[in-house]
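Down below is the structure, laid out as structure tokens.
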2 protein chains.
Amino acid sequence: MVPVTGPGLRERKKADTRAALARATLRLAREQGWAEVTVEQIAAAADVSSRTFFNHFSSKEEALLQPAGAEPGRFARQLAEQPAALPAREAARAVLRAGLAEIAADEDGGGWRVRMEVIGSDPALLARAVEVSTAGEREMAEALARRAGQDPDRDLEPVLLAAVLGAALRVTLVRWACAPGPVDLPALFDEAVELVATGLPGPAALS
Amino acid sequence: MVPVTGPGLRERKKADTRAALARATLRLAREQGWAEVTVEQIAAAADVSSRTFFNHFSSKEEALLQPAGAEPGRFARQLAEQPAALPAREAARAVLRAGLAEIAADEDGGGWRVRMEVIGSDPALLARAVEVSTAGEREMAEALARRAGQDPDRDLEPVLLAAVLGAALRVTLVRWACAPGPVDLPALFDEAVELVATGLPGPAALS
DNA sequence: GCGACACGCTGCACACGCTGAAAGATTGCG
DNA sequence: CGCAATCTTTCAGCGTGTGCAGCGTGTCGC
């Protein structure tokens, strides 16, 4: 499909400016706080005009939360690759777990942990992050419903499963970002899912 | 503390303008779509200046999502009123259920169902709604942790329980808003919580 | 090669959200 | 009544986000 030469010079330059903008956004946010960062600053730091910034990102938040463009249908594809014998919950868990492993491995270059730190420091930013994850949950719900031959608009299970897994994912990421030393991100996620799957006894039933 | 005569003329007028602004916001949003509504319009419809709008609400979204001022600590207080013998999950469920019953009863005057419809129609608005509910989850997690003598920053259970219940709450509200006829809102919530509490078998395990 | 086209970058203008400060109006209290 | 508090209004300004027209550079067919 794709020529062996890969993407042309043009697309590479486009990706470069996008990456430069995303990098500048993260750096400035960490240095001076999210609220104090302006689009003009980011654009200047990346050596482009402010207008160009909005050609790549529709908002300041998007530059921080979606540094790489989102591939639609990624979750659905990965879910389909899971063994059909697996229960829906386990299949979805495996896919999300793989995504987390990727994020954890990216640590060196991507700086997702720093990103999480910035996100956690600003309520409005946190809201946007949840918006993104909510969009992901919608996709997850649809993929899960398709897998089980259900309708996401009528059946409760796929939607609820997606929402609960999304919640577990969010909690896990926050815990990971707040943890002092290096922590095994996928293991943290497993712990949360396990707790939910066993019926979530709740604090009062423990110890 | 408060004089028996109740709030003075002054505070009543303040509450009136706030209510008028909130009402105008909902009406205009329903009539012409959220994106098309401007603060200037809302203020004009409520017969005040645009600046006054921001003396009551810190954003356009707040006027729609928090028509009445939020009382901090409400959840914690109601949680404390629950029987101590109740497991944490059941206690929290009862409190949230009561809140939903209130919303459902408000239907005639408050128009929460119309509100949910407007919220669901705009992604940015949905994000803000999630922001509000996320703040609520934080409060919920802290209250649950206090009840069980835990630390929300270190222990997983209270935070996860709050996140999962929040997810169930969100799914329930969406289902309620999308449902064609009048539906028993608290019952819908019970159904979702029950499904999660029993271990969320997932679609593949059913039928 | 080379010309035509596509596309990203840019500057400009503008609407809108939101904030701060200062001045006027209204309420509550002594 | 007079004073203090506070709410409203006006005005001026910053930052976000969008539409549009022009320009330069990569891309593709000839």
Side-chain angles (χ1 to χ4, degrees), chain A residues 1-22 24-25 28-29 32-66 68-69 122-125 127-128 131, chain B residues 1-22 24-25 28-29 32-66 69 122-125 127-129 131:
Chain A
M1 314 299 172
V2 176
V4 284
T5 57
L9 206 177
R10 195 179 197 142
E11 294 184 31
R12 260 182 293 144
K13 287 192 113 176
K14 181 176 177 176
D16 279 352
T17 54
R18 186 185 172 101
L21 284 169
T25 303
L28 291 171
Q32 56 186 72
W34 179 249
E36 274 63 49
V37 178
T38 70
V39 171
E40 201 169 356
Q41 272 187 346
I42 300 170
D47 263 315
V48 294
S49 78
S50 318
R51 189 64 186 84
T52 293
F53 177 92
F54 289 107
N55 288 339
H56 288 273
F57 303 101
S58 61
S59 69
K60 204 172 71 166
E61 287 81 6
E62 192 178 317
L64 187 77
L65 300 174
Q66 302 183 313
D122 187 288
L125 206 43
R128 284 296 187 112
E131 174 181 6
Chain B
M1 312 300 173
V2 176
V4 285
T5 58
L9 206 178
R10 198 176 193 149
E11 295 184 31
R12 259 182 292 144
K13 286 193 110 175
K14 182 175 177 178
D16 279 352
T17 54
R18 187 185 172 101
L21 284 168
T25 303
L28 290 171
Q32 56 185 76
W34 181 249
E36 274 63 48
V37 178
T38 70
V39 171
E40 200 169 357
Q41 272 186 345
I42 300 171
D47 264 314
V48 294
S49 79
S50 317
R51 189 65 182 84
T52 293
F53 176 92
F54 289 106
N55 288 339
H56 288 274
F57 302 101
S58 61
S59 70
K60 202 171 74 166
E61 287 81 6
E62 192 178 317
L64 188 76
L65 300 173
Q66 301 182 315
D122 187 288
L125 206 42
R128 285 294 189 116
E131 176 180 6

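So that the names make sense, note that chain A is the first sequence line, chain B the second, and so on, each numbered from 1.
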Base, sugar-phosphate or nothing for [X]? Non-hydrogen atoms, less than 4.0 Å.
X       : answer
A:Thr17 : sugar-phosphate
A:Ser59 : sugar-phosphate
B:Thr38 : sugar-phosphate
B:Ser49 : base

Side-chain N or O of A:His56 less than 4.0 angstrom from OP1 or OP2 on C:dC9?
yes
Looking only at N and O atoms, is any donor in the side chain of A:Arg51 or the base of C:dC9 less than 3.5 Å from an acceptor on the other one?
no
Quick one, B:Phe57 and B:Gln66 - any side-chain contact, counting heavy atoms below 4.5 Å?
no
Flag the pair B:Glu40 / B:Phe53 as yes when at least one side-chain heavy-atom distance between them is below 4.5 Å, and no otherwise.
no
Euclidean distance, atom [atom1] of residue [X] to atom [atom2] of [N] [Å, nearest integer]:
X       : N      : atom1 : atom2 : result
A:Phe53 : C:dC12 : CZ    : C1'   : 19 Å
B:Asn55 : C:dT19 : CG    : P     : 10 Å
A:Arg10 : C:dA6  : CZ    : P     : 10 Å
B:Trp34 : C:dC16 : CH2   : P     : 15 Å
A:Glu40 : C:dC12 : CD    : P     : 13 Å

Atom CD of B:Gln32 with >12 non-hydrogen neighbours under 6.0 angstrom
yes
With a strict under 4.0 Å distance from non-hydrogen atoms of chain B, what nucleotide opens and what nucleotide closes the contacted stretch of DNA chain D, reading 5' to 3'?
D:dA5 to D:dT10
Sub-3.5 Å donor-acceptor pair from the side chain of A:Lys60 to the main-chain atoms of A:Ile42, do we have one?
no
Could you pull out the closest heavy-atom pair between B:Ala24 and B:Ala45, with the gap in Å?
CB-CB, 3.9 Å
With a 4.0 Å cut-off on N to O distance, would you call A:Glu11 and A:Lys14 a salt bridge?
no
